[in-house]
Amino acid sequence: MRQVLSMSFAACLLAAAAGATNAEEVTLKGITAFAEQTFYSRGFEKFIAKVNADGKGIIQINYVGGPKAMPPFEVGNALKTGVVDVANDTGSFFTNLVPEADAWKLTERPMSELRRNGGFDFMAKIYDQKLNAILLVRHIDGNPFHLYLNKPITKPDLTGLKLRITPVYRDFFQALGATVVQTAPGEVYTALERGVVDGYGWPITGIFDLGWQEKTKYRVDPGFYSAEVSILINKNAWAKLNDAQKKVISDAAAWLEAQAQDIGKENAADTERQKAAGIQVIAFTGEDAKFYHDKAYEAGWVGVLKQNPETGPKLKEFFAKSD
Ligand code: 173
């Protein structure tokens with residue numbers, strides 16, 4: 001009898017200990033606006049792996065996936081409302097909620113400088129107010145966008161071309177005369193295959209992830225702007241974490257931001273890979289290159305200032321290169 005009693009006492013203790021551990025370990029729901037295991041999700045996946053290793057017993061992220069789990073343009077709202085806790089996303093996918101977020105593309109200074117000059121904090125405050133989110137880390141930077149085409153052009157004039165866009169490219173491509181149609185990345189392949197579009201905007205990296213090299217004849221150089229992808233956490237979810245849990249998240253974010261410096265190698269590797277895949281380069285030089293570059297920034301800022309008459313001038317001060 002005595003032995004039975006002490007055994008059940010031990011079982012109770014064990015159960016209590018297990019309960020206590022469960023109560024302390026928080027599991028956050030994580031989602032990405034880009035396809036799983038593709039270039040723009042990879043940083044997030046490394047971040048999750050680090051949090052789950054360093055946070056054993058206190059904090060974990062449950063990775064629910066990418067566009068198969070949720071349409072990319074809905075991720076911002078899901079984060080804002082707490083349907084998900086952590087998101088990997090780019091500002092141009094939630095301009096309906098944060099019009100300023102599209103201005104990241106116009107940064108001509110590295111993140112280390114934007115952290116020092118107040119630009120990061122200024123944008124973080126806007127995310128706090130309009131997205132109910134904390135901006136943890138921009139892990140894609142120094143990664144230019146390009147125009148990819150299936151019809152050749154000889155000068156920076158896009159009249160008569162129908163191009164796939166997101167808000168990133170809208171003002172610029174329209175300023176050069178193009179007709180534009182917005183789609184999520186997941187619809188680009190079919191749009192090219194069916195000839196619904198003559199080309200698309202996308203950064204220098206990642207076209208192989210979705211097989212677009214099969215349907216792409218030309219890339220236009222030079223590239224323009226700087227692609228941004230960041231990891232964000234819902235404010236309410238953050239507020240519920242204790243200091244140790246917050247530290248796991250913050251340390252993983254800082255670790256990832258430090259690695260974003262290496263993107264030049266990835267840019268070069270995909271440039272080579274595009275060449276090997278037979279994608280021809282239409283390279284503007286001299287006056288045409290200058291016109292194309294200047295038009296990108298001019299049209300981009302006109303758009304951002306028009307959308308954000310109050311915050312836009314301040315963003316330009318922080319983000320644009322001073323002459
Ligand atoms: O073209 C896009 O879908 C887009 O806007 C984007 C932004 C950041 C990284 C990759 C693509």
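Note that ligands are numbered from 1 as they come in the structure, with each ligand's atoms numbered from 1 the same way. As a basis for the values below, the full set of heavy atoms in this structure was taken, side chains included, without hydrogen atoms, waters or symmetry mates. Note that the structure is predicted; figures quoted are calculated from it, not measured.
- Taking the six-membered ring where the residue is Trp, Y225 and F145 present perpendicular rings, their angle passing 60° and hence far from 30°.
- Applying the side-chain hydrogen bond (donor to acceptor under 3.5 Å, both in side chains) definition to pairs two or more places apart or across chains, those involving residues 78-91 are T32-N88, N88-H139, T90-E228.
- In the model, T216 has a side-chain atom that pairs as donor or acceptor with a side-chain atom of Y200 under 3.5 Å.
- Remark: R115 engages E257 in a salt bridge (charged side-chain N to carboxylate O under 4.0 Å, His left out) (not counting sequence neighbours).
- With 3.5 Å as the limit, one finds a donor-acceptor pair spanning the side chains of S226 and R138.
- Protein residues having at least one heavy atom under 4.0 Å from any atom of ligand 1 are F34, Y40, T90, S92, F93, F145, R164, T166, V168, Y169, P185, G201, W202, P203, E228, V229, listed by chain and number.
- Partners of N308 by side-chain hydrogen bond (donor to acceptor under 3.5 Å, both in side chains), not counting sequence neighbours: none found.
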